[in-house]
Amino acid sequence: MEPSRIAVAGASGLIGGALVRSLESDGHEVVRLVRRVPRGPGEVRWDPERGRVDTAGLAGCDAVVNLAGAGVGDRRWTAAYKARIRDSRVRGTAALARAVAALDRPPRVFVCGSAIGYYGETGDREIDESAPAGTGFLPEVCVEWEAAAAPAREAGVRTVFPRTGLVVARGGGAWGKLFPLFKAGLGGRLGDGRQYWSFVALHDEVAAIRHLLERADLSGPFNLTAPQPRTNAEITAAMGRVLHRPTLFAVPAPVLRTVLGEMAGDVLGSARVRPARLLESGFRFAFPEIDGAIRAAL
């Protein structure tokens with residue numbers, strides 16, 4: 001990929017920060033979208049929840065990447081926080097899509113982050129991008145999130161939706177909370193442990209986003225998950241193997257529901273998701289197995 005000017009929303013997050021570091025190390029110019037007053041030409045002001053973007057700051061960008069959104073696992077799902085989860089994604093995406101469509105020279109590609117929450121509960125059934133949306137809060141958010149990118153797509157901008165799984169990393173997300181527990185010997189399966197977790201190493205997440213940025217023939221949804229999802233029990237065993245710690249402290253489902261409330265459904269739910277379109281496009285995972293993904297995060 002030739003050196004490009006790429007705007008990134010969510011650049012301070014786990015995935016966004018890793019993507020920015022990767023792009024800049026290869027000589028790309030990154031423009032960060034920030035909520036405060038910009039401190040230099042490398043920043044553009046926006047307010048995702050109010051749907052505002054400094055459109056002029058996106059001029060000359062070859063690509064726009066939106067990875068912004070309130071953390072799904074950061075807080076208990078009160079009505080107010082659920083509204084924030086939805087609004088931070090849907091309104092922010094709509095604002096960026098409108099800004100992209102309004103440019104005299106739109107970017108070549110708009111990468112709009114999404115999630116495998118789109119599919120909801122899948123049980124033991126393996127699904128790919130051809131599966132319909134599930135039911136419930138997260139699927140509804142994902143459907144609205146992706147639909148909000150319509151202005152960019154309708155303006156002829158190649159639009160891609162990376163539907164990200166559980167990112168294996170120490171610095172944030174679900175795994176950022178798991179590592180300290182397992183290192184302290186307090187890790188264990190959640191519920192009965194039979195639910196599938198579709199994981200992806202942070203390294204592969206960034207590499208896949210860059211793959212989607214670079215390939216002009218790719219558009220639409222792509223599952224960003226390792227090829228072989230594992231059950232929570234299998235992942236628990238892998239964490240114990242890699243970290244050399246016991247995994248004796250199983251957390252019963254009723255306890256999780258009491259502690260987490262509605263969000264427990266996401267932890268106990270099963271999502272057996274396969275990255276069919278990503279593999280068909282020629283992408284190769286550096287860490288396709290769970291043990292390697294955990295080691296890569298250490």
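Residue numbers count from 1 along this sequence.
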Review point. Atom OG1 of Thr78 and atom CZ of Arg76: how far apart are they, to the nearest 0.5 Å?
Key: 9.5 Å
Point to revise | Selection residues 286-298 - residue pairs positive for side-chain hydrogen bond (donor to acceptor under 3.5 Å, both in side chains), sequence neighbours left out | key: Arg230-Glu289, Arg241-Asp291
**Study point:** Under 3.5 Å donor-acceptor, Arg189 side chain and Ala233 backbone
**Key:** no
Exercise for review: Name all residues meeting the side chain to side chain donor-acceptor pair (under 3.5 Å) criterion together with Ser22; count only those two or more places apart in sequence or in a different chain, and write none if there are none.
Suggested key: Arg210
Review point. Can you list every side-chain hydrogen bond (donor to acceptor under 3.5 Å, both in side chains) pair that touches residues 49-61, not counting sequence neighbours?
Key: Asp47-Arg50
Revision key, fill the gap. Across all chains, not counting sequence neighbours, the side chain to side chain donor-acceptor pair (under 3.5 Å) partners of Arg153 are none
Check your understanding: Which residues satisfy the side chain to side chain donor-acceptor pair (under 3.5 Å) test with Ser25, sequence neighbours excluded?
Key -> none
Check your understanding: For residues 199-209, which residue pairs qualify under salt bridge (charged side-chain N to carboxylate O under 4.0 Å, His left out), counting only residues two or more places apart or in two chains?
Key -> none
Check your understanding: Considering residues at least two apart in sequence or located in another chain, which fulfil the side chain to side chain contact (heavy atoms under 4.5 Å, CB included) criterion with Arg215?
Key -> His211, Asp217, Leu218, Ser281
Review point. Is there a side-chain contact (heavy atoms from CB on, under 4.5 Å) between Val109 and Thr159 once you walk through the steps?
Key: CA-CA 6 Å; Val109 57; Thr159 303; over 6 Å; no
**Study point:** CA sep, side-chain torsions, deciding dist, call: Arg86, Glu140, side-chain contact (heavy atoms from CB on, under 4.5 Å)
**Key:** CA-CA 9 Å; Arg86 185 190 303 270; Glu140 289 171 3; 4.0 Å; yes
**Study point:** Cationic N near anionic O, under 4.0 Å, Glu43 to Arg36
**Key:** yes
Check your understanding: Can you name the residues that form a side chain to side chain contact (heavy atoms under 4.5 Å, CB included) with Ala18, not counting sequence neighbours?
Key -> Arg21, Leu202, Val206
Practice item. With rounding to the nearest 0.5 Å, note down the distance linking CG in Asp128 to CG in Leu278. Key: 12.0 Å
Point to revise | Electrostatic pair Arg89:Glu144 at N-O distance under 4.0 angstrom | key: no
Review point. What is the distance from atom NE2 of His28 to atom CD of Glu24, rounded to the nearest 0.5 Å?
Key: 10.5 Å
Review point. Heavy atoms, side chains only, cut-off 4.5 Å: are Phe110 and Val160 in contact?
Key: no
Review point. Between OH of Tyr196 and CD1 of Ile235, what distance do you get to the nearest 0.5 Å?
Key: 10.5 Å
Study note, to complete from the structure: Between the CZ atom in Phe182 and the OG1 atom in Thr247, the distance rounded to the nearest 0.5 Å is 6.5 Å
Point to revise | Test side-chain contact (heavy atoms from CB on, under 4.5 Å) applied to Val20 and Ile6, step by step | key: CA-CA 9 Å; Val20 166; Ile6 302 171; over 6 Å; no
**Study point:** Stepwise salt bridge (Lys or Arg N to Asp or Glu O under 4.0 Å) check, Arg163 with Glu129
**Key:** CA-CA 9 Å; Arg163 293 175 179 166; Glu129 293 88 351; over 6 Å; no
Review point. Ring centres of Trp77 and Phe137 under 6.0 Å apart?
Key: yes
Distance-only donor-acceptor hits, side chain of residues 59-67, under 3.5 Å, sequence neighbours excluded:
residue, atom, partner, partner atom, Å
Asp62, OD1, Arg108, NH1, 3.3
Asp62, OD2, Arg5, N, 2.9
Asn66, OD1, Ala68, N, 3.2
Asn66, ND2, Thr93, OG1, 2.9

Point to revise | Which residues share a side chain to side chain donor-acceptor pair (under 3.5 Å) with Arg194, sequence neighbours left out | key: Asp192
Check your understanding: Can you name the residues that form a side chain to side chain contact (heavy atoms under 4.5 Å, CB included) with Ala207, not counting sequence neighbours?
Key -> Phe283
Check your understanding: So do Val168 and Phe287 actually touch side chain to side chain, heavy atoms under 4.5 Å?
Key -> no
Check your understanding: Should Val30 and Ile209 be counted in the same cluster of Ile, Leu, Val, Met, Phe, Trp and Tyr side chains packed under 4.5 Å apart?
Key -> yes
Practice item. Spell out, as yes or no, whether a donor-acceptor pair under 3.5 Å connects the side chain of Arg272 to the backbone of Asp124. Key: yes
Practice item. State which residues pass side chain to side chain contact (heavy atoms under 4.5 Å, CB included) with Ala94; sequence neighbours excluded, sorted by chain then number. Key: Arg98, Ala148
**Study point:** Interatomic distance, Trp175 atom CH2 to Leu178 atom CG [nearest 0.5 angstrom]
**Key:** 6.5 Å
Exercise for review: Take Ser270 and Glu121 through the side-chain contact (heavy atoms from CB on, under 4.5 Å) test and state the conclusion after the steps.
Suggested key: CA-CA 5 Å; Ser270 185; Glu121 168 70 43; 3.3 Å; yes
Point to revise | Close side-chain approach of Pro162 to Leu212, heavy-atom, < 4.5 Å | key: yes
Check your understanding: In a check of side chain to side chain contact (heavy atoms under 4.5 Å, CB included) between Thr164 and each of Ile15, Thr225, Asn223, which one passes?
Key -> Ile15
